[in-house]
Amino acid sequence: MIDLLPLTPSIAERTRPIYDRVAGVITAAEWDLFAPYIDAINRLKRERNAVILAHNYQTPEIFHGVADIVGDSLQLAREACRVDADVIVVCGVHFMGETAKILNPHRTVVVPDARAGCSLAESITAADVRALRERYPGVPVVTYVNTSAAVKAESDICCTSSNAVKIVESLGAPRVLMLPDAFLASYVASNTDVEIIPWHGHCEVHERFRAIDVEQLREGDDGVVVIAHPECPPDVLAAVDFAGSTAAMIDFVRTHQDRRVVMLTECSMSDNVAAEFANVEFVRPCNLCPHMKRTTLPKILRSLETLQDEVLVEESIRVRAQRALEAMIAV
Ligand code: 13P
Ligand code: SF4
């Protein structure tokens, strides 16, 4: 961390209840560095009438320390519609900030680091979607929320990994274009009779998991339960006990209460939910998302102080992207 803020006894006391929740995943020495930022962010948040949304992949000091609303992409998109604050700080990646801005054009939306991208969002452009429409006239376009506002604007409806099958089936069409994640498209295709035409995007975090990892985990520990995100390759999904969005994975752990669980997804997930499930042991492997990890406490504090990096979406794009997002939320 740069520009360290000093820890005072009163800050230590005010932040103690938060530390008690995360003591299993954050060391006391690390907490001494985080606590002054958490204290300053929570104070400034009130002064600015700001709300902090954080994705499940944010680190525990952000997820438990400063976030007002946490969740998967669908939960964050839904909550972004209901927010009653002057400023929305989105801790996640840039497309999540854009989603909040599309749904809240009159509020100030900031992301702590505008460089926080996503390999899926970068895999497709608005021009690609227009070319696909020419190639497949009349076929509806379902777009994963992990895309730019410009791509959403070219789409009929958005989806997240939580609702993708439901969204595809809601259209009543015999076939749909499903963009841009090839593995999510294949997962949906295996759960519906609708013909799915995919794009070739991949999540650089989830594509690295291998079916052999799952086999080896089970060989070493036959009681282990393996759950995965649908952005993983199809042979991985075929080998696991459950596949679902980040929120669906948390619900699975809550419902089943298995003793040992592997979450084939981004590493912060297990750290964040460990606090809630003290009796569950979360076994690795996991992979880090470098984009999600760009967000840090000092950058959140800076974004509240300066209202940078502000997310802006050109109005003609925003209105069309809003239509696609609201069509999803209505389903
Ligand atoms: P969900 O939280 O919607 O499952 O998405 C996972 C993801 O990779 C977001 O970037
Ligand atoms: Fe994008 Fe994958 Fe990172 Fe999610 S985990 S932000 S899909 S690169």
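Quick note: numbers below take in every heavy atom, side chains included, and nothing from hydrogens, waters or symmetry partners. In this text the structure is predicted, and so the values were computed from the model without any measurement. Residues: numbered from 1 along the sequence shown. Both counts, for ligands and for their atoms, begin at 1 and track the order of listing.
The single protein non-hydrogen atom nearest to atom 4 (O) of ligand 1 is His229 NE2, 2.7 Å, given as residue, atom name and distance. Of the protein's non-hydrogen atoms, Asn146 ND2, 3.4 Å is the one closest to atom 10 (O) of ligand 1. Here the heavy atom of the protein found nearest to atom 3 (O) of ligand 1 is Ser73 OG, 2.8 Å.
Looking at residues two or more places apart in sequence or on another chain, you find a salt bridge (Lys or Arg N to Asp or Glu O under 4.0 Å) between Arg115 and Asp113.
Close N/O approach between Ser245 and ligand 1 is not found [any backbone or side-chain N/O within under 3.5 Å]. The shortest N/O to N/O separation between His206 and ligand 1 does not fall below 3.5 Å. Below 3.5 Å of separation, one finds an N or O of Thr246 facing an N or O of ligand 1.
Legend: protein N/O/S atoms lying under 2.8 Å from atom 2 (Fe) of ligand 2, waters omitted, number 1.
Using a 30° and 60° split on the angle between ring planes, Phe252 and Phe242 fall in the parallel class, below 30°.
Residue Asp72 has at least one heavy-atom neighbour below 4.0 Å for each of these atoms of ligand 1: 1 (P), 2 (O), 3 (O). Heavy-atom proximity to Tyr57, at under 4.0 Å, picks out these atoms of ligand 2: 5 (S).
At most 12 heavy atoms of other shown residues, nucleotides or ligands fall within 6.0 angstrom of atom CD in Glu13.
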Report all side-chain donor-acceptor pairs from residues 172-180 shorter than 3.5 Å, counting only partners two or more places apart or in another chain.
none

Taking only distance into account, with no hydrogens and no angle test, what donor-acceptor pairs under 3.5 Å do side-chain atoms of residues 19-26 form with protein atoms, sequence neighbours excluded?
from, atom 1, to, atom 2, distance (Å)
Tyr19, OH, Ile26, O, 2.8
Tyr19, OH, Ala28, N, 3.1
Arg21, NH2, His64, O, 3.1

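Distances shorter than 4.0 angstrom occur between a heavy atom of Ser161 and an atom of ligand 1. Residue Met249 places no heavy atom under 4.0 Å from ligand 1.
Using a cutoff of 4.0 Å between basic side-chain nitrogens and carboxylate oxygens, Asp241 and Arg218 are scored as salt-bridged. For Arg46 and Asp68, the salt-bridge test fails: no basic side-chain N is under 4.0 Å from an acidic carboxylate O. Salt-bridge annotation for Asp156 and Arg133: present, with a side-chain N of the basic residue lying under 4.0 Å from a carboxylate O of the acidic one. Residues Arg254 and Asp251 are paired through a salt bridge, judged by an N-O separation under 4.0 Å between the basic side chain and the carboxylate.
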task = Determine, step by step, whether Phe282 and Asp271 satisfy the side chain to side chain contact (heavy atoms under 4.5 Å, CB included) criterion, reporting the C-alpha distance in whole Å, the side-chain angles of both residues, the deciding distance to 0.1 Å, and the verdict.
result = CA-CA 8 Å; Phe282 291 96; Asp271 292 342; over 6 Å; no
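Ile38 has its side chain within reach of Trp31: a pair of non-hydrogen atoms, C-beta onward, lies under 4.5 Å apart.
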